[in-house]
Amino acid sequence: MTDDKALTRRSEDFSAWYNEVVLRAELADHSPVRGSMVIRPWGYGIWENMQRALDDMFKETGHENAYFPLLIPMSFIEREKEHVAGFKPELAVVTHAGGKELEEPLVVRPTSETVIYAMYAKWVQSYRDLPILLNQWANVMRWELRTRLFLRTSEFLWQEGHTAHATDEEAQEETLRMLGVYRKFMEDWIAMPVVTGLKSDSEKFAGAVRTYTCEAMMQDRRALQAGTSHHLGQNFSKQFDLTFQTEKGEEEYAWNTSWGVSTRLVGGMVMTHGDDAGIVVPPRLAPAQVVVVPIYRKDDQRAAVVGKAQEIKERLAERGVRTRVDDRDHLNPGAKFYEWERKGVPFRLEIGPRDLEKQQVVLVKRVTAPGEDRKHFLPESQAVEELPSRLQAFQEELLERARAEREAHSHRGVKSIGELNEILESEGGFVYTGWSGDPEVEERVKEETKATLRCIPDADFRSESPPDTCVGGGKARWEVLWARAY
RNA sequence: CGGGGCGUGGCUCAGUCCGGUAGAGCGCUGCGUUCGGGUCGCAGAGGUCCCCGGUUCGAAUCCGGGCGCCCCGACCA
């Protein structure tokens, strides 16, 4: 930190900026246990808004919530071969309880596929019992070696959807449907554009047949995997005997999907929109969308101005705008301005004695475009009337700005690993190349450039003229996206 | 688990080389003042100097051992 007040600038040290801003925006704090975090009210409020929006979308697509237990028998995790290989190193295991060593160790869930499909096996007999479309909001634990607030902590909050279907096609449809839900949520709510696509085999979920992903570009031009949706095929149903009788009376294994997003999204929001003054919370996610800062000298002024602030808050509430009045008396207005900017509140409304006389307010948007006026002096009623649409417009501006930023740092038509590396070493960003599908090429790129294959992008993101040569030489089978990633 | 750094009021740190009564800024409390971008003044509270052992008349400082944290690499939503 340069001093006690200003944040490290992003251009100076993005990583330090992130760490500071998360703490100083009071999103989260380090817990006494290494690698786990406390989510503070401001951060949790953002997460709650994310949860609400996602939950509505899940319900709209026919899902219900349920809850499965935290502890999973070790033998369950070990049942699916790839699954256990993927998760074993990061399991936290309960070996003792009730003062005795347990006969079978219990793992603290790193994800719930095993226990959920074991239960589905009990519940499903016939094709009439399918599909099962459940979601759960839960905490999970993965013992990570290097942790960062929100981006990677040992324990994190997430949702995991788990479905079972009668056919491969139906499961595939579901997998893509939920990927689409994620994309829509990330764009419309977090204002964070993503590239969706298919993961390569080396990057897919341990136990999945196919993994689809949402990849977002952070301001340091690294990729953040923001959400994944897996087609699990019959891998788990076979291990947990999740079978059903078809219409024809034959016994078949069900087809599963799972999909999840986590509190990592809060980190994504921070790194997508934040600036040197603090975080920027998109209006739809902001626990407070407007903060009213009263300005006064004397006690009678204070009474009048705070009274007006309260009144405005109520009028905004009638229009669905979440408003907070900062009437703390021991801070002067400047201190409050800095604090709320750091916390990313979309709009600040200043009301002072001069405004009271003129029946006006001063409205300041958290982010102003170059050339745009920062302070708007508006008649009070106009400000109240217009805030809903101004919030909406700000939400859209944030998405557009982030999209423009991503496009400005996306490189297409790159032909060689050398060229790829040069881009990553200088400017960074998303790099599109051809790929033969050969895992050795993938491995070589990883070693030589530290970039990973983020995905084989969906149609919406492919180049107009797809590359015909593989970045490692030879013929390209797919166009793929590379980036250094979180 | 390898490489580097650090443990001193709530926070950020100085003091450690060269042993001699524990400091600063910010924050906090009270009073006053100020309030349209981090007001200012006065008064105050607050520390087993990470832990254990050793050396010494005397250890935050020197020596030995331990613990913890942060950063950089190998695994990962």
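All chains are named by letter (A, B, ...) in the order of the sequence lines, taking the proteins before the strands, and each is independently numbered beginning at 1.
The partner of B:G2 is B:C72, judged by Watson-Crick or G-U wobble contacts that both fall below 3.5 Å.
In this structure, the ring of A:Phe87 has its center no less than 6.0 angstrom from the ring center of A:Trp143. A centroid separation of less than 6.0 Å is found between the aromatic rings of A:Tyr117 and A:Tyr120.
Counting any heavy atom pair closer than 4.0 Å across all strands shown, A:Glu341 reaches a base atom. A:Gly260 comes within 4.0 angstrom of nothing in the nucleic acid, heavy atoms only. Within 4.0 Å (heavy atoms only), A:Leu224 reaches no atom of the nucleic acid at all. Among the heavy atoms of the strands, none lies under 4.0 Å from A:Val293. Nucleic acid contact class of A:Arg148 (heavy atoms, under 4.0 Å, all strands): none. Counting non-hydrogen atoms under 4.0 angstrom, A:Ser262 reaches a base of the nucleic acid. If you check every strand for non-hydrogen atoms under 4.0 Å, A:Arg354 touches a base. If you check every strand for non-hydrogen atoms under 4.0 Å, A:Gln225 touches sugar and phosphate atoms only. Contacts of A:Arg348 with the nucleic acid, taken as non-hydrogen atoms under 4.0 Å apart, include base atoms.
Atoms CG (A:Leu149) and C1' (B:C70) sit 12 Å apart, rounded to a whole Å.
Rounded to a whole angstrom, the distance from the P atom of B:C69 to that of B:U12 is 15 Å.
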